[in-house]
Amino acid sequence: MRAAVYHGREDVRVEEIEEPTVGDGDVLVEVAACGICGSDLHEYAAGPIFVPGEEPHPVSGETAPIPMGHEFGGTVTAVGNDVTDVDVGDVVAVNPILYCGDCRYCTAGRYHLCESLGFIGLSGGGGGFAEQIAVPREKVVSFPDSVPPAYAALVEPFSVGLHAVRNADFEAGDDVAVFGTGPIGLTVVQAARAAGARTVYAVEPQATRRDLAAEVGADVTLDPSATDALETLLDETDGGVDATFEVAGIEQTVRDAITAAKHDGSVTIVSIFEDDVAFDPNEIVLGERAIGGSTAYAAGPRGGVEFNAVPDMFADGTLDPDPLVSDRIALDDIVDDGFDALLDPDREAVKILVEP
Ligand SMILES: [Zn+2]
Ligand SMILES: [Zn+2]
């Protein structure tokens with residue numbers, strides 16, 4: 001079968017690989033769609049980072065070349081002998097987190113903080129940029145019939161946004177600001193809205209992404225390159241919002257996300273950074289602001305709280321994946337129309353779905 005395989009930096013090849021074998025505890029998934037993520041781009045442009053280059057990944061035991069793609073779902077076409085609660089024909093989303101199962105975090109049920117954390121499609125275990133993939137039954141959650149199966153690929157990024165909001169400290173009726181509305185920032189906007197935020201501010205330099213933020217629920221959008229977005233936000237909120245989210249991964253947005261939080265407010269950092277950043281710790285001390293990180297989403301034998309909630313929230317319209325999808329492409333076009341398109345800001349792609 002065909003799959004997109006990571007061989008090294010700027011070397012992703014769509015090639016023939018072996019058909020997956022279905023173990024007793026596995027389900028075989030025919031991939032409906034797999035999203036291209038920022039971390040895929042980092043691997044392509046600057047990797048290997050997460051991809052095991054030299055040392056085998058401790059959970060998968062694999063090194064590159066490995067198939068890519070960790071945001072995916074599709075239709076079950078076969079189940080292993082021990083699988084009794086998933087049927088052929090079911091549509092599922094796949095929680096790609098790989099965990100060891102016996103470090104201090106795994107034994108406490110905090111699988112996404114595992115010391116050996118990895119992801120299917122980045123660390124081995126197959127990938128979603130392929131016609132099919134066999135995964136352990138515990139990694140799949142059922143996906144409702146009323147939602148198009150391709151949107152099962154969006155359960156992963158929406159779980160990131162939902163997890164960030166669940167990690168933040170704010171209550172219904174509070175004001176929220178989101179710095180950066182790329183695909184994950186857009187899921188944070190939607191999750192904050194769903195959690196009962198009063199006013200959601202979105203700060204984003206790209207016009208297309210600001211418009212999308214407004215479409216998915218931001219009340220006020222601000223362009224940091226054209227106006228003093230921060231000053232406007234502080235004026236309108238009597239000195240700061242209750243909770244801010246940093247989803248851009250640069251120094252300026254970290255600093256702004258801290259300043260934009262009111263005294264005693266919460267700052268949640270969701271980005272992955274390429275470099276160290278500097279900020280004024282007195283803003284934390286003198287304002288008693290709390291900074292926290294939020295990574296991925298819960299995982300474990302039952303798929304994790306966010307992965308279980310998002311499909312139902314798609315079905316009832318609380319979360320809407322549709323506006324995020326800017327392009328749908330074939331597997332063979334993944335480099336030219338996928339990775340290269342996302343790395344070119346002029347092409348203004350948001351979430352690209354690969355439909356193998
Ligand atoms: Zn991702
Ligand atoms: Zn572990």
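Indexing begins at 1, ligand by ligand and atom by atom, following the structure's order. Residue numbers start at 1 and run along the sequence shown. Atom set for the values below is all heavy atoms of this structure, side chains included, hydrogens, waters and symmetry mates excluded.
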Which N, O or S atom of E71 lies nearest to the Zn ion (ligand 1), by name: OE2
Charged N-O contact under 4.0 Å between E306 and R166: yes
Electrostatic pair K139:D26 at N-O distance under 4.0 angstrom: no
Salt-bridge contact R2-D332 (side-chain N to carboxylate O under 4.0 Å): yes
Working for ring-ring contact (aromatic ring centres under 6.0 Å, His included), residues F314 and F158: CA-CA 10 Å; F314 283 174; F158 272 88; 5.1 Å; yes
Protein N, O or S atoms lying under 2.8 Å from the Zn ion (ligand 2), listed by chain and number: C100 SG, C103 SG, C106 SG, C114 SG
Euclidean distance, L162 CG relative to L319 CG, rounded to 0.5 Å: 6.5 Å
Aromatic contact, F119 with F50 (centres under 6.0 Å): yes
